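Since the structure comes first, as structure tokens, the remarks are kept for the end.
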Amino acid sequence: MSVLYTIYLTSMHSLLRKKLEEAILKLNYQLEPQIEVEIPKNESFGDLSSPVAMELTKTLKKPPRTIADEILSVIDREFFEDISIAGPGFINFKFKKEFLFNQLKELLEKEEKFFITDIGRSRKVQIEFVSANPTGPLHLGHGRGAAIGSALSNILREAGYEVTTEYYINDAGKQIEILGLSVYLALQRIWGKEVEFPEECYKGEYIKEIAQELYESYGDSIKGRSYEELGDLIIDFSYRKIINEIKKDLEDFGVTFDSWVSERKLYHTGEVQRAIIKLKELGFVYEKDGALWFCSTSFGDDKDRVVLKSDGTYTYFASDIAYHKNKIERGFDELINIWGADHHGYIPRVKAAVQALGFKASQIKILLVQMVNLLREGKPFQMSKRAGTFVTLRELIDEIGADTTRFIFLTRRQDSHLEFDVEVAKKQSQENPVFYVQYAHARINSIFEKAGHVSYVFNGELFNEEEMRLIKKVLQYPMIFELAVNFREPHRITFYLQELASLFHSYYHKHRVLSDDEKLSQTRLSLCRAIMIVLRHGLRMLGVKAPHKM
RNA sequence: GCCCCCUUAGCUCAGUAGGAUAGAGCACAGGUUUCCUAAACCUGGUGUCGCAGGUUCGAUUCCUGCAGGGGGCACCA
């Protein structure tokens, strides 16, 4: 524990935060929960800066520059070459080279262990994502959710959270019935009957395939039987087949789940019923018009919601309540649900249910992933599951590749629309930023191959201006990582990696790493090694390969 | 009709838990290879941060209204 603590404090931004905290305490000023530290927009301002004096001005009723002066008069300057006040009251810090070199040395020794933090403090977090109905293959929208969920789970796990990933299978209710009926109709066509597919039925190619397989498995033994007779068999067969396909797709996409929870099971074990009884006991459920209602308005929802319909069947919401009760009982400290943005109207009632069951509102986070707009050569392309015109995740994996697809999905903030041009992604041209980052990694590896045996010993005096800039960029990574963790935003890492790769490529062209000068070569190789470690870690967080050759 | 999200360079998007001169990629034009991988690099330039008010020492960021785009409104899932 103390080791982790030390590491945490020695990363550039944590150290600065600590020093500012000490200074503010010395001045007997009230400490803010988290002192703000940022990377200055302009590098001439310094390595890091803090607007803390401007923040304090509100409570202290003193001009920010005066407060900044006071902080400067007491702060421990051991690690700083220069501290200055600028603009309206920013305090800018420039680190001593010696400190930066020690950081670099530590990074080279510890490699990825250098990034260990204990932000998570072993808190148990459950991340539920994808959770698509098992009524057809995953499409690219699910892919985006999968990429984000999986990257986020990597990131949180790395930050010391105890993460469980889960897929909730909506295998009860009407959709699954429609699946069964659709396959049955397709089966009838195989038998040579002319049948019409009703509007609500699934018509994709995969329905025909399932029917075909069913036919091959059971042959004539089921021929001509009614849906009443075959329904259960067909549903079971189709469902298992689709779930297996989904698992396969996700696996090939690099996404794994720690557990899969079935909605049907929640009914069979009586959990749905028990959840409603529990809410009733707590006084949050009442009867009206022959139905049972959950008073979600008590927790800020627009209207109360039906959980048990007057016809005696449960609503989808009822099983969702049961599912969240189930999650809560498993002892998680925090629940993260990743949903498609089209479900946003559903948030208040689920949050209400979770609170009724004793959870704090802050313990459940629902991250909305915006829609993916599909383009083909710049033109919008409409998808419809029912009509069978959609791009599946499988197609993207096969034609574009899992790495590229994942990376593209992670180049946007999750609540921002994503334009995905299939043709452009296939081109594997400059428009695919993933290659840019991977290439930097492969390039560095190639230098090492050329260099042969290398020990990462450097002489800091030999670093030039570009190299110092790169060292600082590398050392910023723990801060970027922490932001990605705290904001639950994987895309911050994606952007950072592109910036780092860009700096490296530029450096590579300007300076040769390997030369006759042994010391200089070793020094530059050390820096390359550090860049490589960061690239590899970042890519691993995103779930993207760091290739040795391209 | 009500609710949620979005609106930043020609295009696609970062940034903003109120702060310094608002950034990147692509596209476009030109250039770089006897040299560790040219999937690269260098040089070119743009902004009423949708509009209008408000709060503030300070607003692209917060609040209100409006406009445009998307999504959601059920005893459907």
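These numbers were taken from a predicted model, which means no experiment stands behind them. To find a chain, count down the sequence lines: A is the first, B the second, and so on, and within it residues start at 1.
- Within the 4.0 Å cut-off from OP1 or OP2 of B/C5, not a single side-chain nitrogen or oxygen of A/Arg413 is found.
- Across the strands present, B/A77 finds no partner; the criterion is a Watson-Crick or G-U wobble pair with both atom distances under 3.5 angstrom.
- Shown for residues 43-61 of chain A: residues whose heavy atoms fall under 4.0 angstrom of RNA chain B, namely A/Phe45, A/Ser49, A/Met54.
- Taking OH of A/Tyr323 as the start and OG of A/Ser262 as the end, the distance is 11.0 Å to the nearest 0.5 Å.
- The nucleotide B/G50 finds its pairing partner in B/C66, both defining distances of the Watson-Crick or G-U wobble pair being shorter than 3.5 Å.
- No contact: A/His441 has no heavy atom under 4.0 Å from any strand.
- Rounded to a whole angstrom, the distance from the P atom of B/A39 to that of B/C6 is 39 Å.
- Rounded to the nearest Å, the gap between the P atom of B/A9 and that of B/G23 is 14 Å.
- Taking side-chain N and O atoms only, A/Ser502 has no distance below 4.0 Å to OP1 or OP2 of B/A24.
- Pairing of B/U60, defined by two Watson-Crick or G-U wobble distances under 3.5 Å, is not identified with any nucleotide.
- Distance, A/Glu38 CD to B/G18 C1': 11 Å, rounded to whole Å.
- Rounded to whole Å, the C1' atom of B/U12 lies 24 Å from the corresponding atom of B/C4.
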Inset, instruction - Show your working on side-chain hydrogen bond (donor to acceptor under 3.5 Å, both in side chains) between A/Tyr202 and A/Gln175 and close with a plain yes or no. - result: CA-CA 10 Å; A/Tyr202 302 115; A/Gln175 296 306 313; 2.6 Å; yes
Every protein N/O lying under 3.5 Å from an N/O of nucleotides 8-12 of chain B:
residue: B/U12; atom: O2'; partner: A/Arg412; partner atom: NH2; Å: 2.5

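- Here, B/A77 and B/A14 have their P atoms 35 Å apart, quoted to the whole Å.
- Using Watson-Crick or G-U wobble geometry with both donor-acceptor distances under 3.5 Å, B/U55 finds no partner in any strand shown.
- Within 4.0 Å (heavy atoms only), A/Tyr508 reaches at least one base atom of the nucleic acid.
- Using the Watson-Crick or G-U wobble rule with both distances under 3.5 Å, B/C28 pairs with B/G44.
- Under the 3.5 Å distance criterion, with hydrogens and angles disregarded, no donor-acceptor pair is assigned to the side chains of A/Thr523 and A/Asn459.
- Comparing B/A40, B/G19, B/C6 against the side chain of A/Asp415 picks out B/C6 as the nearest.
- The aromatic ring of A/Phe495 does not sit over the base of B/A24; the criterion of centres under 5.5 Å apart with planes under 30° is not met.
- Listed candidates were B/A40, B/A20, B/C13. Nearest to the side chain of A/His505 is B/A40.
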Inset, instruction - Summarise protein proximity over nucleotides 71-77 of chain B in one line of letters, 5' to 3': B for base, S for sugar-phosphate only, - for none, counting protein heavy atoms closer than 4.0 Å. - result: BS-SBSB
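- Looking at A/Asn92, its side chain comes within 3.5 Å of the base of B/A20 through a donor and an acceptor atom.
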